[in-house]
Amino acid sequence: QVQLVESGGGLVQPGGSLRLSCAASGSIFTILYMGWYRQAPGKQRELVASITSGAGANYADSVKGRFTISRDNAKNTVYLQMNSLKREDTAVYYCNIRGAAVNSWGQGTQVTVSS
């Protein structure tokens, strides 16, 4: 079993920044995909950013230029740097890490952007 532990969420003012972390532990595996998703109340879960092995990062249009996904392979950790946050970024953010026979999700962390 692979467990993902998220951290870094919280309350921030519009224009502020947050850095989310997602650390994987448990079974040893090769990471093929890392992604961040979010879900706001009453809305469907959407992909925010992702990294696929052998390819570059992918971003939703709504966050392009403001968010950056990165990883630390030695620590099996994926990060989401969020800058210039907007009210519409408010959501629960979930990390997802995939490998061969692995598809694991974090517990979710709340990000609230409000004055």
Side-chain angles (χ1 to χ4, degrees):
Q1 299 294 321
V2 176
Q3 297 178 338
L4 305 184
V5 179
E6 300 182 32
S7 62
L11 175 65
V12 65
Q13 293 184 335
S17 298
L18 286 174
R19 179 178 165 94
L20 306 183
S21 299
C22 176
S25 63
S27 300
I28 299 174
F29 68 100
T30 300
I31 296 173
L32 301 178
Y33 171 95
M34 290 180 162
W36 286 96
Y37 297 75
R38 68 186 181 188
Q39 186 167 23
K43 296 184 178 180
Q44 293 184 334
R45 184 180 63 183
E46 64 175 345
L47 175 65
V48 177
S50 65
I51 301 173
T52 301
S53 180
N58 184 57
Y59 298 93
D61 288 341
S62 60
V63 308
K64 196 169 298 181
R66 300 188 297 119
F67 291 11
T68 303
I69 187 171
S70 62
R71 63 186 184 275
D72 185 334
N73 292 332
K75 297 181 178 180
N76 284 340
T77 300
V78 61
Y79 305 93
L80 184 67
Q81 179 66 47
M82 304 183 294
N83 299 326
S84 302
L85 283 161
K86 305 175 180 179
R87 295 183 186 274
E88 50 263 44
D89 295 319
T90 296
V92 177
Y93 285 70
Y94 300 90
C95 63
N96 175 228
I97 297 180
R98 306 175 192 176
V102 173
N103 186 0
S104 186
W105 291 85
Q107 81 280 7
T109 184
Q110 177 71 49
V111 172
T112 302
V113 184
S114 180
S115 299

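Leu80 has its side chain out of reach of Glu6: every pair of non-hydrogen atoms, C-beta onward, lies at least 4.5 Å apart. Looking at heavy atoms from C-beta onward, Ile51 lies out of side-chain contact with Tyr33 at the 4.5 angstrom threshold. Within the 4.5 Å cutoff, the side chain of Arg38 has heavy atoms near those of the Glu46 side chain. Two residues are said to be in side-chain contact when any heavy atoms from C-beta on lie closer than 4.5 Å; Thr109 and Tyr94 fail this criterion. Between Leu4 and Ile97 there is a side-chain heavy-atom pair separated by less than 4.5 Å. Between Leu11 and Ser114, the closest side-chain pair of non-hydrogen atoms falls below 4.5 Å.
Put simply, Val111 and Tyr59 are part of the same group of oily side chains (I, L, V, M, F, W, Y) that touch within less than 4.5 Å, one to the next. Trp36 and Leu32 are not part of a single hydrophobic cluster, where members link through side-chain heavy atoms under 4.5 Å apart. Taken together through direct or relayed side-chain contacts under 4.5 Å among Ile, Leu, Val, Met, Phe, Trp and Tyr, Ile31 and Val2 form part of one hydrophobic cluster.
Counting non-hydrogen atoms of other residues, nucleotides and ligands closer than 6.0 Å to CD of Gln3 gives a total of 12 or fewer.
Remark: side-chain polar atoms of Thr90 are paired, donor with acceptor, to backbone N or O of Val113 under 3.5 angstrom.
Taking the centre and axis of the six-membered ring of Tyr79, the NZ or CZ atom of Arg71 falls outside the cone set by 45° and 6.0 Å.
Pairs passing the salt bridge (Lys or Arg N to Asp or Glu O under 4.0 Å) check and including a residue from residues 52-65, sequence neighbours excluded, read Asp61-Lys64.
If you check the side chains of Ser17 and Asn83, you find a donor sitting under 3.5 Å from an acceptor. Remark: the Ser115 side chain and the Arg87 side chain contain an N/O donor-acceptor pair separated by less than 3.5 Å.
How far CZ of Arg98 is from OG1 of Thr52: 8.0 Å, rounded to the nearest 0.5 Å. To the nearest 0.5 Å, atom CD of residue Gln39 and atom OH of residue Tyr93 are 12.0 Å apart. Note: Asn96 CG to Cys22 SG = 8.5 Å, rounded to the nearest 0.5 Å.
For Val78 against Met34, the heavy-atom pair with the smallest separation is CB-SD, 3.5 Å. Residues Leu47 and Ala49 approach most closely at CD1-O, 3.6 Å, considering heavy atoms. For the residue pair Leu85 and Arg66, the shortest heavy atom distance occurs at CA-NH1, 3.8 Å.
Taking the centre of each ring, Tyr37 and Trp105 come in below the 6.0 Å mark.
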